[in-house]
Amino acid sequence: MPDYQNILVETKEGVGIIRFNRPKALNALSPQLMKETVMALFAFDAQDEIGAILITGSDKAFAAGADIKEMSTASVIDMLKSDFIPTFAKIREIKKPIIAAVSGWCLGGGNELAMSCDMVVASETAKFGQPEINLGVIPGAGGTQRLTKAVGKAIAMEMVLNNRTLTAQEALEYGLVNYVLPIEEYFEKAFSLAQKIAHRAPLAVQLGKEAVNKAFETFLAEGLEDELRSFYLLFASEDQKEGMGAFIEKRKAEWKGR
Ligand code: CAA
C-alpha cells in the first residue's frame with residue numbers, strides 16, 4: 001500500500017474506508033490530500049473483495065474546504081496548470097458506491113466532495129456550506145451545479161451568494177443527506193449502509209449507480225435509454241439468474257459478481 005501522508009486507509013467487511021487526516025487544518029483538502037484520496041479510491045475500486053467505499057473525516061470536521069493557504073497567492077495560470085480541481089472530477093470515474101460519513105464542518109470543496117459521493121450520512125453537528133463568497137471566489141468543483149440540483153435554486157443561491165450554512169437537519173430536509181444521527185452513531189450507520197450495499201449483487205450495484213448518476217448528467221430521454229440498456233445487459237449475468245432464481249425458490253441469493 002502506498003505511504004499516504006494525509007489520509008488513513010483500512011478495509012473492513014467488504015468496505016474500503018478512507019479517513020482524511022489533517023486535524024490541524026480541519027482536514028482542508030490540499031492538492032496532496034486530494035491526490036492520495038483519488039489514488040485510494042481507484043485502488044479500492046480495483047479490488048474484487050471491496051463492494052463499497054466510505055469517506056470520512058473527524059467528528060470536528062469532514063473537511064473545511066480547499067486549502068486556502070495553498071491557493072491564496074496562485075495566479076490564474078497556476079490554477080489552470082494545477083491538477084487540483086481535476087482530481088475532484090476523477091471521483092466520478094469510481095464504479096463502486098461511495099458513502100460520505102460527515103460530521104462538523106463540511107464546507108467549500110469539502111461539501112463539493114461530499115456531493116460527489118453517492119450518499120451522505122451526517123452527524124447532528126454537521127454544517128454544510130459554500131463559503132467561497134467570503135474569499136472573493138465561487139465554488140469551483142461542482143458546488144454551484146450539484147448543490148442546485150440537490151437543494152433547489154433558492155437555497156443554493158443563498159448558500160453561494162450569502163454563505164448560508166445548513167444545519168444537518170436542514171440538509172436532510174433539502175435532500176442533501178440521507179440520514180442524520182447523534183455524533184456517537186453516524187459513523188456506524190454509514191458503515192452499516194456501506195457494508196450492506198457491499199454484499200449486494202456487484203454488477204447491479206455498479207450499473208444502478210451509473211444509471212442514477214445519468215439522471216443528473218443527461219436529458220431524460222438519453223438517461224432512460226442508458227438505464228434500459230443497463231437493465232437488459234444485466235440479463236447476461238449469472239447474478240440475475242441467481243437473484244431471480246433465489247426469489248422464486250425462497251432462499252438467500254449468493255452473488256458472484258459475474
Ligand atoms: N484551508 C486552510 N486552512 C484551513 C482551512 C482551509 N480551508 N480551514 C481551516 N483552516 C485552518 C486554519 O487556518 C487554522 O489553522 P492555524 O491554527 O494554523 O491558524 C486551523 O485550520 C483551525 O481553523 P480555525 O482556527 O479557523 O477554526 P475555527 O473553529 O475558528 O473556525 C471554520 C472553523 C469556520 C471552518 C474556519 O476555519 C473557516 O472559515 N475555514 C475556511 C472555510 C472556507 O472558506 N472554505 C472554502 C475554501 S475554498 C474552496 O473550497 C474552493 C473550492 O470550491 C474548491
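FYI, side chains are in, hydrogens and waters are out, and symmetry mates aren't considered; it's all heavy atoms of this structure. Just follow the structure's listing: the first ligand is 1, and inside any ligand the first atom is 1.
Only the side chain of E132 comes within 4.0 Å of ligand 1, counting heavy atoms alone; its backbone N, CA, C and O stay farther away. Of the heavy atoms in A64, both backbone and side-chain atoms come closer than 4.0 Å to ligand 1.
Ion pairing between a basic and an acidic side chain is recognised when a charged N comes within 4.0 Å of a carboxylate O; K214 and E217 show no such pairing. Using a cut-off of 4.0 Å between Lys/Arg side-chain N and Asp/Glu carboxylate O, E238 and K256 are scored as not salt-bridged.
Within a 6.0 Å radius of NZ in K35, other residues, nucleotides and ligands contribute 12 heavy atoms or fewer.
When only interatomic distances are considered, the shortest N/O to N/O separation between A66 and ligand 1 falls below 3.5 Å. For ligand 1, the polar-atom distance check against G109 finds a nitrogen or oxygen pair separated by under 3.5 Å. Checked against a 3.5 angstrom limit, the closest N/O atoms of G108 and ligand 1 fall outside it. Checked against a 3.5 angstrom limit, the closest N/O atoms of G140 and ligand 1 fall inside it.
Of all protein heavy atoms, the one lying nearest to atom 48 (S) of ligand 1 is L135 CD1, 3.6 Å. Atom 41 (C) of ligand 1 has as its closest protein heavy atom I68 CD1, 3.7 Å. Of the protein's non-hydrogen atoms, the one nearest atom 36 (C) of ligand 1 is L26 CD1, 4.7 Å. Ranking protein heavy atoms by distance to atom 32 (C) of ligand 1, first place goes to W105 CE2, 4.1 Å. Closest to atom 18 (O) of ligand 1, if we only count protein heavy atoms, is K69 NZ, 3.3 Å. Looking only at heavy atoms of the protein, atom 10 (N) of ligand 1 is closest to A25 O, 3.8 Å. Nearest to atom 17 (O) of ligand 1 among the protein's heavy atoms is K24 O, 4.6 Å.
Within 4.0 Å of atom 38 (C) of ligand 1, not a single protein heavy atom is present. Remark: atom 44 (O) of ligand 1 lies closer than 4.0 Å to at least one protein heavy atom. Distances from atom 25 (O) of ligand 1 to the protein include no heavy-atom value under 4.0 Å. For atom 28 (P) of ligand 1, the nearest protein heavy atom lies 4.0 Å or farther away.
There is no path of hydrophobic side-chain contacts, each under 4.5 Å, that joins L26 to I68.
The shortest distance between side-chain heavy atoms of T167 and E124 does not fall below 4.5 Å.
Inspection of the Q5 and D3 side chains reveals an N or O donor paired with an N or O acceptor under 3.5 Å. Counting only N and O atoms by type, the side chains of Q32 and E36 include a donor and acceptor under 3.5 Å apart. Using a 3.5 Å distance cut-off with no hydrogens or angles, the side chains of Q130 and N163 do not pair a donor with an acceptor.
Numbered from 1 in the order shown, with element, the atoms of ligand 1 that lie under 4.0 Å from a heavy atom of L107 read 35 (C), 42 (C). Contact atoms of ligand 1 toward E112: 52 (C), 53 (O), 54 (C) (distance under 4.0 Å to a heavy atom of the residue). Atoms of ligand 1 found under 4.0 Å from any heavy atom of P139 (numbered from 1 in listed order, with element): 53 (O).
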* Step by step, would you call Y4 with N21 a side chain to side chain donor-acceptor pair (under 3.5 Å)? -> CA-CA 10 Å; Y4 297 122; N21 189 30; over 6 Å; no
* When you look at R251 and E242, which way does the salt bridge (Lys or Arg N to Asp or Glu O under 4.0 Å) test go after all the steps? -> CA-CA 10 Å; R251 61 175 174 82; E242 167 66 8; 2.8 Å; yes
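Cation-pi check for R164 over F128 is not met; the charged atom does not lie both under 6.0 angstrom from the ring centroid and within 45 degrees of its normal. Stacking of K12 on the aromatic ring of F191 is recorded, both the 6.0 Å distance cut-off and the 45° axial limit being met.
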